[in-house]
Amino acid sequence: IGSHTLHHPILQNETDATAREEIVGSVRQLAALLETPVLCFAVPNGVAGLDFGDREKAFLREAGIKWAFTTASGFCRPGVDRLGVPRCSLSGLPHEIRVWVAGKVALAPVWDRLRRRTEIRQRRPIRKLGLFGADGRTG
């Protein structure tokens with residue numbers, strides 16, 4: 001079980017004092033409730049450089065957090081920043097069966113590439129409509 005702030009703000013939009021209290025306060029409260037140290041944290045919204053940065057990582061270290069999870073899609077490899085861990089989502093919808101979830105696990109190493117290809121294919125019709133210039137930009 002990990003912490004996730006007190007009020008779910010975009011941490012980089014907050015003052016130093018507020019961001020610190022959101023992180024440190026939430027870890028302290030959860031640790032007291034569980035009667036055990038809290039070592040994990042899920043960063044609200046979780047986009048590095050946009051939602052959190054070095055300041056927030058310093059507050060995470062101060063709170064005793066060892067692992068902080070972002071919303072970046074990817075895999076935990078040797079040398080990963082432990083306060084900026086990417087995720088590979090394996091959660092299923094209620095109607096998904098175990099075989100489907102097992103398939104996601106099996107495809108995990110290539111899932112990001114497949115997802116990117118799908119996103120690119122979905123954007124192609126928009127380019128064909130002339131909404132984008134030759135360089136892919138609008139206008």
Side-chain angles (χ1 to χ4, degrees):
I1 296 177
S3 186
H4 190 57
T5 69
L6 296 168
H7 302 99
H8 204 273
I10 305 299
L11 293 167
Q12 279 200 335
N13 292 346
E14 302 298 331
T15 65
D16 289 351
T18 300
R20 181 186 179 280
E21 181 57 24
E22 285 289 335
I23 293 170
V24 176
S26 70
V27 172
R28 187 181 322 120
Q29 283 185 18
L30 186 58
L33 180 69
L34 298 174
E35 298 180 350
T36 189
V38 173
L39 304 177
C40 297
F41 187 88
V43 181
N45 294 355
V47 178
L50 182 63
D51 301 315
F52 74 101
D54 292 337
R55 176 189 72 166
E56 290 74 23
K57 288 180 182 182
F59 296 147
L60 290 167
R61 283 189 286 277
E62 177 185 339
I65 295 297
K66 302 296 181 202
W67 295 92
F69 298 89
T70 69
T71 56
S73 183
F75 302 97
C76 194
R77 303 193 192 291
V80 70
D81 176 3
R82 291 182 183 205
L83 297 179
V85 179
R87 300 182 195 200
C88 178
S89 177
L90 301 176
S91 61
L93 299 172
H95 67 276
E96 290 181 341
I97 58 174
R98 289 183 185 169
V99 174
W100 175 246
V101 175
K104 286 182 177 181
V105 172
L107 287 173
V110 295
W111 186 254
D112 284 339
R113 283 181 280 172
L114 292 172
R115 186 176 49 82
R116 272 189 237 115
R117 284 183 184 168
T118 301
E119 288 172 354
I120 289 168
R121 285 188 184 131
Q122 289 172 346
R123 284 188 222 131
R124 282 186 186 153
I126 294 172
R127 286 191 185 109
K128 289 179 183 175
L129 291 173
L131 299 175
F132 293 89
D135 62 357
R137 296 182 186 165
T138 59

From OG1 (T5) to CD (Q29), nearest 0.5 Å: 10.5 Å
R61: side-chain contact (heavy atoms from CB on, under 4.5 Å) partners, not counting sequence neighbours: K57, A58, L83
Counterpart residues, side-chain contact (heavy atoms from CB on, under 4.5 Å), relative to L33 (two or more places apart): L30
Atom CG of N13: over 12 foreign heavy atoms under 6.0 Å: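 More than 12 heavy atoms, drawn from other residues, nucleotides or ligands, come within 6.0 Å of this atom.
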I1 with F69, same ILVMFWY side-chain cluster at under 4.5 Å: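 No, I1 does not connect to F69 through the hydrophobic network.
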Cluster overlap L11 with I65, hydrophobic side-chain contacts below 4.5 Å: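 The answer is yes; both residues are in one hydrophobic cluster.
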Residues clustered with V24, ILVMFWY side-chain links under 4.5 angstrom: none
Members besides V47 in its Ile/Leu/Val/Met/Phe/Trp/Tyr cluster (side-chain heavy atoms under 4.5 Å):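 Members besides V47, by chain and number: L50.
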Q12 vs E56 side-chain heavy atoms within contact, under 4.5 Å: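 With C-beta onward as the side chain, the pair touches.
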Donor-acceptor pair, side chain of T18 and main chain of T15, under 3.5 angstrom: no
Side-chain donor or acceptor of R87 paired with backbone N/O of T70 under 3.5 Å: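 Yes; at least one donor-acceptor contact below 3.5 Å.
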Listed once per pair and sorted, the salt bridge (Lys or Arg N to Asp or Glu O under 4.0 Å) pairs that draw on residues 10-26, sequence neighbours left out: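 Passing the test, one end in residues 10-26: D16-R55, R20-E62.
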Closest contact, heavy atoms only, S73 versus P86: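 Closest approach of S73 to P86: C-CB, 4.2 Å.
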Distance-only donor-acceptor pairs under 3.5 Å for side chains of residues 35-45, two or more places apart:
none

